[in-house]
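Below you'll find the structure, written out as structure tokens, and then a few comments.
Excluded from the calculations below are hydrogen atoms, water molecules and symmetry mates; all remaining heavy atoms, backbone and side chain alike, are included. None of the values given here were measured: they were computed from a predicted structure. Chain letters run A, B, ... following the sequence lines, proteins first, then strands; residues in each count from 1.
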There are 2 protein chains.
Amino acid sequence: MSPAAVVLTEERILDAAEDVLRRFGLAKATVVDVAKVLRVSHGSVYRHFPTKVALRDAVARRWLDRIIKPLDPSLDTAGPAAERLLRWLQRLAAIKQGMALEDPELFATFSQLTAEAREVVAAHVDHLAAQLTQIIADGIETGEFARTDAVTAGRAVLYATARFHHPLHAAEWADPAIHDDLTAVWKLLVNGLGTSP
Amino acid sequence: MSPAAVVLTEERILDAAEDVLRRFGLAKATVVDVAKVLRVSHGSVYRHFPTKVALRDAVARRWLDRIIKPLDPSLDTAGPAAERLLRWLQRLAAIKQGMALEDPELFATFSQLTAEAREVVAAHVDHLAAQLTQIIADGIETGEFARTDAVTAGRAVLYATARFHHPLHAAEWADPAIHDDLTAVWKLLVNGLGTSP
DNA sequence: TGGCTGACAATTATTGAAATCTGTCAGCTG
DNA sequence: CAGCTGACAGATTTCAATAATTGTCAGCCA
């Protein structure tokens with residue numbers, strides 16, 4: 001192997017950690033396992049991450065960032081803001097619900113992981129709310145929505161749709177009505193955004 | 001003791017079961033413990049409840065029914081429907097959040113208990129949605145809200161406010177912004193109800 | 001005779017000794 | 001000499017033997 005292929009980077013450690021989490025689950029994944037995948041002593045892992053918690057937080061951060069990326073509102077600016085909002089909400093719901101359906105065990109592992117990474121989740125929520133805020137601000141700009149505080153409205157929309165994207169509610173996603181339920185909530189919300197308070 | 005004081009009723013068993021849950025928590029509460037409180041053999045408890053799960057479901061049902069009672073919309077019909085809606089939501093949030101704050105351990109016990117009693121919870125959710133539907137129907141009647149399907153709207157409002165009353169979100173209730181967040185969501189929702197789709 | 005008891009089989013939980021894990025660091029090595 | 005190793009202390013987890021629990025039912029007794 002060339003030296004470059006062997007350099008121990010945070011990236012490689014995170015890949016290995018994800019691999020171990022996938023295979024063993026949160027409860028059984030150890031730092032020693034991660035090091036074993038990398039054919040390295042576990043002391044080397046501690047050279048890059050001060051504690052196991054820091055490593056787990058980093059895995060959670062990367063996972064959540066991957067969810068955020070395809071949602072960026074600047075990737076989908078066509079049509080009225082109300083419909084962009086629906087598409088955004090449906091996309092977020094589809095990402096989470098899709099993972100939960102495809103591989104429930106892996107989804108449960110990552111859900112637990114993030115639940116224990118409070119600060120990381122807070123940043124993720126801020127990021128999601130900011131994306132909603134952008135769509136709402138665009139809608140206000142074009143006169144489609146009434147003038148209001150877009151930041152507050154963004155957070156409110158995120159909170160009001162928690163049932164459809166928050167991992168805590170994963171058990172409820174088995175209900176086939178879940179898609180229509182989201183549409184019903186969206187209708188109320190965009191009507192609310194359309195009128196002056 | 002007079003015989004009447006000694007008759008083993010479902011009521012007395014539920015009281016004892018609640019007592020045991022309070023003291024030992026869900027994980028450690030056994031049917032033998034419940035029988036011990038009643039100074040009776042555990043076989044006698046099985047005369048009234050076919051399984052431990054049935055007993056737990058009954059405790060959950062009674063607990064949830066106690067939450068429902070003070071929320072009945074016919075107990076508070078003053079003022080515009082929008083404000084009745086806010087009061088109802090705030091009352092529900094206050095009941096749950098109050099329990100979670102006063103005795104987090106007990107709240108966690110009962111939350112787990114209900115989480116495992118899926119059918120009982122479904123009935124509870126139906127009941128809550130029906131109460132919201134009534135308030136919304138009243139609002140439509142008086143012309144305050146636009147004509148719409150009050151049943152769908154009732155469920156949508158309940159789902160949209162899940163963050164503020166669903167025990168899954170109890171950890172988020174420590175945030176002092178939670179009260180304002182509910183108000184923000186309510187504002188969006190009642191605006192949405194006020195306009196025709 | 002209706003309601004209760006208590007012994008019993010099968011399953012599930014507890015326990016404590018042994019094994020493993022986390023986090024550190026002195027020293028090795030390429 | 002920067003980066004890695006591997007032994008170590010203290011904390012946590014595993015595992016298998018032991019105990020308790022769930023659910024049943026034949027018989028007791030008021």
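- Between B:Glu119 and B:Arg61 there is no salt bridge, since none of the side-chain N atoms of the basic residue sits less than 4.0 Å from a carboxylate O of the acidic one.
- Contact check of residues 44-60 of chain A against DNA chain C (heavy atom, cut-off under 4.0 Å) returns A:Tyr46, A:Thr51, A:Lys52.
- Note on A:Leu158: it clusters hydrophobically with A:Ile68, by side-chain heavy-atom contacts below 4.5 Å among ILVMFWY residues.
- Proximity of residues 20-33 of chain B to DNA chain D (heavy atom under 4.0 angstrom from any strand atom) is restricted to B:Thr30, B:Val31, B:Val32.
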List the atom pairs, with distances to 0.1 Å, where a side-chain N or O of residues 99-106 of chain B and a protein N or O form a donor-acceptor pair under 3.5 Å, not counting sequence neighbours.
residue  : atom : partner  : partner atom : Å
B:Asp103 : OD1  : B:Leu106 : N            : 3.2

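- Along DNA chain C, the stretch of nucleotides lying under 4.0 Å from any heavy atom of chain A spans, 5' to 3', C:dC21 to C:dT24.
- Here A:Asp15 pairs with A:Arg62 in a salt bridge; the nearest charged N to carboxylate O distance falls below 4.0 Å.
- Here the P atom of nucleotide D:dA7 and the NE2 atom of A:His42 are 11 Å apart, to the nearest Å.
- Considering only residues two or more places apart in sequence or on other chains, A:Thr77 meets the side-chain contact (heavy atoms from CB on, under 4.5 Å) condition with A:Arg84.
- A salt bridge links A:Arg91 and A:Asp76; the closest N-O separation between the charged side-chain nitrogens and carboxylate oxygens is under 4.0 Å.
- Residues forming a side-chain contact (heavy atoms from CB on, under 4.5 Å) with B:Ser74 (at least two apart in sequence, or on another chain): B:Asp72, B:Gln134.
- Ring geometry, A:His169 versus B:His169: the interplanar angle falls from 30° to 60°, so the pair is classed tilted.
- The side-chain contact (heavy atoms from CB on, under 4.5 Å) test with A:Val59 singles out one residue from A:Ile13, A:Thr114, A:Val20, A:Leu21, and that residue is A:Leu21.
- No donor-acceptor contact under 3.5 angstrom links the side chains of A:Thr183 and A:Asp180, judged on distance only.
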